[in-house]
Amino acid sequence: MPDDKKLTTRDADFSAWYNEVVLRAELADYSPVRGCMVIRPNGYGIWERMQRALDDMFKATGHQNAYFPLLIPESFLHKEAAHVEGFAPEVAVVTHGGGKKLDEPLVIRPTSETIIYSMFAKWVQSYRDLPLLMNQWANVVRWEMRTRLFLRTLEFLWQEGHTAHATHDEAEEEARRMLGVYRDFMEGWMAMPVITGQKTDAERFAGAVRTYACEAMMQDNKALQAGTSHMLGQNFAKVFDLKFQAEHGGQEFAWNTSWGVSTRLIGGLVMTHGDDNGLRVPPLLAPIELVIVPIYKSDEERSRMLEAAERVTQRLTEWERRDPGRLRVHVDAREGIKPGAKYYEWELRGVPVRMELGPRDLEKNQGVLVRRDSREKRPVSLDTVGEDVAELLMRVQEDMLIAARERREHNSIRHRISYGDFRELMDGKGGFVYAGWCGSPECETQIKDETKATIRVLPDEEFLSAETPSECLKCGKTGAPIVEAVWAKAY
RNA sequence: CGGGACGUAGCGCAGUCCGGUAGCGCACCUGAAUGGGGUUCAGGGGGUCGCGGGUUCAAAUCCCGCCGUCCCGACCA
């Protein structure tokens with residue numbers, strides 16, 4: 001009889017491990033419809049904290065929230081040639097309503113460029129109406145062949161920012177700015193380091209001029225596209241007649257950007273930080289930052305410990321932490337479950353810090369703090385518990401980012417590599433490979449066909465190697481137009 | 001849509017080959033003891049065996065059809 005208390009280890013089967021963590025930590029569950037999932041309170045709590053942080057960042061960069069409808073006239077999707085080509089195969093279409101066949105089918109939004117820019121066209125007359133900086137929190141539907149919890153589901157939650165600008169340069173700046181916001185969020189809040197850069201034409205968003213992306217490395221050394229920001233040029237403005245009277249006269253088409261991150265980030269969080277004991281949530285995103293587990297024998301001790309736990313909770317929540325708000329503390333007062341069992345459960349759920357509080361501690365006016373990330377134990381005085389916990393949480397947050405970055409760098413290759421060795425690597429343990437690319441789509445697709453690895457990004461300057469590669473990974477061509485690319489297998 | 005595996009209690013599974021009153025572990029409920037890393041004992045509740053048909057005195061088990069899920073591919077945030 002296998003011990004069903006133990007998780008499958010990451011080494012044994014990373015996919016199985018991932019599914020088990022998501023299900024057993026109660027982040028999500030399968031729904032009756034293939035490819036759809038229910039996001040449970042533990043998962044949604046993380047998403048809510050992500051939303052709050054991101055939303056604040058969007059507001060701070062001048063954006064406003066709005067809401068556009070789920071249903072879009074099918075004809076809208078067809079206006080932009082590349083857009084429809086990219087999305088048509090995975091669109092869900094409503095053909096009937098109220099028992100009658102519709103005159104024009106409605107598509108369920110796979111993304112909202114078309115409906116949003118058609119509305120922008122109504123609202124923009126003058127350069128004075130620009131820039132228009134909007135964001136919406138919404139669900140979208142894409143009829144994927146193969147789905148995975150959080151990483152790819154038929155329906156998912158996301159935010160999509162959409163902006164219109166008077167000039168190319170302004171729009172370009174916006175697209176880059178939001179990519180930077182994403183990176184700050186992923187590193188600062190999720191403790192998930194990313195490589196930023198530009199996508200190749202093959203990987204570009206359908207309808208965009210340029211696509212920028214954040215790519216993170218998961219613990220199986222595969223890349224996860226965690227967020228994208230698109231410079232749309234005037235492609236959508238032209239087909240939706242989004243134009244304005246310019247400052248010096250004449251009608252001009254606006255320049256658009258769009259950018260989004262989704263609940264996929266939760267999958268990224270799991271695969272970045274999880275371990276063989278379960279989930280590890282970085283403190284800033286943890287719905288519960290500290291769980292107090294009281295330890296007792298008699299009923300008398302039990303009530304004493306619970307009373308003490310309440311006192312500590314009181315002290316912690318009253319303790320004024322300026323940023324990011326009050327400490328989120330939970331007392332696990334459940335009866336009939338031994339402390340050890342509680343430890344395992346909270347570790348599975350990824351609560352960043354635990355406090356063990358028993359009679360022996362109380363005698364010494366202390367509690368024992370245990371870090372989820374390192375399992376390191378340390379007693380703290382109950383007099384200074386606020387500062388100590390807040391400081392420990394900050395350290396955990398920082399250490400998680402450092403550890404993730406070290407793991408990524410450890411699994412990145414920046415030295416010259418032969419194509420044979422590259423194939424072998426991608427066939428085996430994988431990783432990020434920084435190598436030269438001659439810029440030809442042929443080399444790109446051949447590598448994809450032969451190794452399943454793709455160019456994740458053409459990295460931004462700060463990620464470039466000290467020594468620029470001088471030859472194409474595939475064709476070996478040398479000379480001026482060789483650029484550095486990050487190759488990896490992707491989710 | 002191609003290849004593979006599977007569908008039996010909330011979850012994980014055995015039973016199917018060889019037809020004969022549906023079982024195990026965990027979870028759940030009750031009681032007692034226990035309590036510093038997954039407690040123990042006793043008692044208890046819960047199942048149209050994925051769905052539909054067929055063979056048979058008798059089907060979870062054999063036959064036919066359908067549906068669904070997961071994994072591996074082609075498509076993708």
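In what follows, every chain begins at residue 1, and chains take the letters A, B, ... in the order their sequences are listed.
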Nucleotide [N], atom [atom2] - distance to [atom1] of [X] in whole Å:
X      : N     : atom1 : atom2 : answer
A:W346 : B:G38 : CH2   : P     : 18 Å
A:K489 : B:A74 : NZ    : P     : 10 Å
A:Y296 : B:G36 : OH    : C1'   : 13 Å
A:Y344 : B:G36 : OH    : C1'   : 13 Å
A:M37  : B:A77 : CE    : C1'   : 12 Å
A:K448 : B:C75 : NZ    : P     : 5 Å
A:D332 : B:G37 : CG    : P     : 15 Å
A:K364 : B:G36 : NZ    : C1'   : 11 Å

Proximal nucleotide (of [options]) relative to the [X] side chain:
X      : options             : value
A:R264 : B:G35, B:C71, B:A77 : B:A77
A:R360 : B:G36, B:A74, B:G37 : B:G36
A:E144 : B:G37, B:G36, B:C75 : B:C75
A:D361 : B:G36, B:G38, B:C70 : B:G36
A:Q225 : B:G37, B:A77, B:G73 : B:A77
A:R375 : B:G37, B:A77, B:C70 : B:G37

[N] to [M] separation - [atom1] atoms, rounded to the nearest Å:
N     : M     : atom1 : value
B:G53 : B:C17 : C1'   : 24 Å
B:U56 : B:G19 : C1'   : 9 Å
B:G50 : B:G38 : P     : 38 Å
B:G23 : B:A60 : C1'   : 12 Å
B:G31 : B:U21 : C1'   : 32 Å
B:C41 : B:U34 : P     : 16 Å
B:U55 : B:U61 : P     : 15 Å
B:A14 : B:A5  : P     : 15 Å

Look through every strand shown and name the nucleotide pairing with [N] as Watson-Crick or G-U wobble, where both distances are under 3.5 Å.
N     : value
B:C17 : none
B:G38 : none
B:G45 : none
B:C75 : none
B:C70 : B:G4
B:A58 : none
B:G25 : B:C11
B:C51 : B:G65

Measuring from atom NE2 of A:H78 to atom OG1 of A:T114, what distance do you get when rounded to the nearest 0.5 angstrom?
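Here the rounded value is 11.0 Å.
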Base, sugar-phosphate, or nothing for [X], non-hydrogen atoms under 4.0 angstrom?
X      : value
A:L224 : nothing
A:G86  : nothing
A:T153 : base
A:Y30  : sugar-phosphate
A:P359 : base

Report yes if at least one side-chain N or O of A:K338 is closer than 4.0 Å to OP1 or OP2 of B:G36; otherwise report no.
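The answer is yes; a side-chain N or O of A:K338 sits under 4.0 Å from OP1 or OP2.
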Is A:N277 near enough to B:G37 that one of its side-chain N or O atoms lies under 4.0 angstrom from OP1 or OP2?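 No, outside the criterion.
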What about [X] and [Y], are their ring centers closer than 6.0 Å?
X      : Y      : answer
A:H83  : A:F236 : yes
A:Y117 : A:F120 : yes
A:F150 : A:W47  : no

Requested in this report: Classify the side chain of A:E347 and the base of B:G37 as holding, or not holding, a donor-acceptor pair under 3.5 Å.
Outcome: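 When only heavy-atom distances are counted, A:E347 does reach the base of B:G37 through a donor-acceptor pair under 3.5 Å.
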*If each of A:S15 and A:G35 is mapped to the nucleotide of RNA chain B with the nearest heavy atom, which maps nearer the 5' terminus, i.e. the 5' end?*
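That would be A:G35.
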5' precedence on RNA chain B between A:R148 and A:G336 (nearest-nucleotide basis) =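 Comparing both residues, the 5'-ward one is A:G336.
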Sidechain-backbone polar pair: A:H230 side chain, A:T257 backbone, donor-acceptor under 3.5 Å: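 Judged by distance alone, no pair lies under 3.5 Å.
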- prompt: Do the side chain of A:R372 and the main chain of A:E347 share a donor and acceptor less than 3.5 angstrom apart?
  reply: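 Indeed, once roles are kept as given, a pair shorter than 3.5 Å links the two residues.
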### Query
Do A:R456 and A:T454 meet the criterion of a side-chain donor-acceptor pair at a distance under 3.5 Å?
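Yes, a side-chain donor-acceptor pair sits under 3.5 Å.
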*So with a 6.0 Å cut-off around CD of A:E48, is the heavy-atom count from everything else above 12?*
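More than 12 within 6.0 Å, yes.
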task: Compare the ring of A:Y343 with the six-membered ring in the base of B:G37 and state whether they stack (centres under 5.5 Å, planes under 30°).
output: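 No, A:Y343 does not stack on the base of B:G37, since the centre distance and plane angle fail the 5.5 Å and 30° test.
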**Prompt:** Is NZ or CZ of A:R354 both nearer than 6.0 Å to the six-membered ring centre of A:Y343 and within 45° of the ring axis?
**Reply:**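 Checked: cation-pi criterion met.
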